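Structure record follows, encoded as structure tokens.
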Amino acid sequence: TVDQIGTADFAHVLNTNSGVVTLVFVYGIFFVSIALLLSKQLTSKIGEYYTNAFIILLLLSSIFLMTVASGNLTIGAMTLTLFSLYFRDSKSAALRELSMIMLAMAASLKVYPAIWGLLYIKEKRYKDAIKQIIYGILFFLVPFAFFGGAAGFIQFVKNLAQVSKIVTSISLVGILHKFFSFFLNEQAAIILARIILYLITTVLLVFLRKKFDWKSYALFAGAMFIFN
């Protein structure tokens, strides 16, 4: 039925041999990819021993293991976002293009990685920004042509709003949502809260910080939590 579009019967997946094999294969790719990227970036800075220890502790942390236990694709979005950031300033035009495609794919899995697209505006790479938007729209909307069409998209929006009501209760979105709920219906209050925080984040990250360094990256990463 339409109400079931976009949901995964994770228990059923685990009860089938093909489902288990697919699950192990996909998450194996994510874990190995993250490990290789972190190893490449950190080994020269903190040494092989501490790099390996950090990677093992990270991948075996409760956050990572819970994503596997729940069948959550957050780790997929994280992997794609990390590689997107790694390739975005490559000397190879093909790798820079791949970076934009990876970010679009990450945003199609979990919407909030899209905030990294603001980097192109920050750096005045407007042509890349436009291409990033086009990739984002394609990877976000085209799958609905094969999974439910317009009805599937509407159900996705409803599911997103429903989840937002649960996970934003103690966040900045949740606080603004409570305030706007006095004047608007619940769904409108959530949407307005997210729009306001998105605009504030855009101004802070893109227009006020003139120097772009690791602090800016930290702000971008932290901003994603606003939309949870």
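Being a predicted model, the structure only gives us computed values, none of them experimental.
Looking at heavy atoms from C-beta onward, Trp116 lies out of side-chain contact with Gln132 at the 4.5 angstrom threshold. Between Thr79 and Ile29 the shortest side-chain heavy-atom distance does not fall below 4.5 Å. In this structure the side chain of Ile55 never reaches within 4.5 angstrom of the side chain of Leu42, judged on heavy atoms. Side-chain atoms of Lys127 and Ile130, non-hydrogen and from C-beta on, never get closer than 4.5 Å to each other.
Note: Phe153 CZ to Phe140 CZ = 5.5 Å, rounded to the nearest 0.5 Å. A distance of 9.5 Å separates NZ of Lys131 from CD1 of Ile101, quoted to the nearest 0.5 Å. Atom CG of Leu109 is separated from atom CD1 of Ile75 by 12.0 Å, given to the nearest 0.5 angstrom. Separating the CD1 atom in Ile137 from the OG atom in Ser108 is a distance of 13.0 Å, to the nearest 0.5 Å. How far OG1 of Thr51 is from NZ of Lys40: 13.0 Å, rounded to the nearest 0.5 Å. For the atom pair Phe30 CZ and Phe25 CZ, the distance stands at 10.0 Å (nearest 0.5 Å).
Two different hydrophobic clusters hold Ile154 and Phe144 under the rule that ILVMFWY side chains link at heavy-atom gaps under 4.5 Å. Linking ILVMFWY residues whenever their side-chain heavy atoms come closer than 4.5 Å, directly or via other members, leaves Met66 and Tyr27 in distinct clusters. Hydrophobic clustering places Val26 together with Leu80 (ILVMFWY residues linked when any side-chain heavy atoms are closer than 4.5 Å, directly or through intermediates). In the hydrophobic clustering of this structure, Val142 groups with Ile134; members are Ile, Leu, Val, Met, Phe, Trp, Tyr whose side-chain heavy atoms approach within less than 4.5 Å, directly or through other members. Leu38 is connected to Tyr49 through a chain of hydrophobic side-chain contacts under 4.5 Å among Ile, Leu, Val, Met, Phe, Trp and Tyr, so both are in one cluster.
When every heavy atom of Pro113 is checked against every heavy atom of Leu103, the shortest pair comes out as O-CD1, 3.4 Å. Of all the heavy atoms in Ala106 and Thr81, the pair that sits closest is CB-OG1, 3.4 Å. When all heavy atoms of Phe64 and Ile34 are compared, the pair lying nearest together is CE2-CD1, 3.9 Å.
Looking only at distances, a side-chain donor or acceptor of Arg96 sits under 3.5 Å from a matching main-chain atom of Lys91. No donor-acceptor distance shorter than 3.5 angstrom exists from the side chain of Ser39 to the backbone of Leu36, with no hydrogens or angles considered.
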Pair Met102, Tyr86 - check side chain to side chain contact (heavy atoms under 4.5 Å, CB included), show working. CA-CA 11 Å; Met102 284 183 159; Tyr86 182 71; over 6 Å; no
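Atom CD of Glu48 is surrounded by 12 or fewer heavy atoms from other residues, nucleotides or ligands within 6.0 Å.
Ring pair Phe139/Tyr135 is tilted by interplanar angle, where 30° to 60° counts as tilted. Ring orientation note: the planes of Phe87 and Phe83 are tilted relative to one another, at an angle of 30° to 60°.
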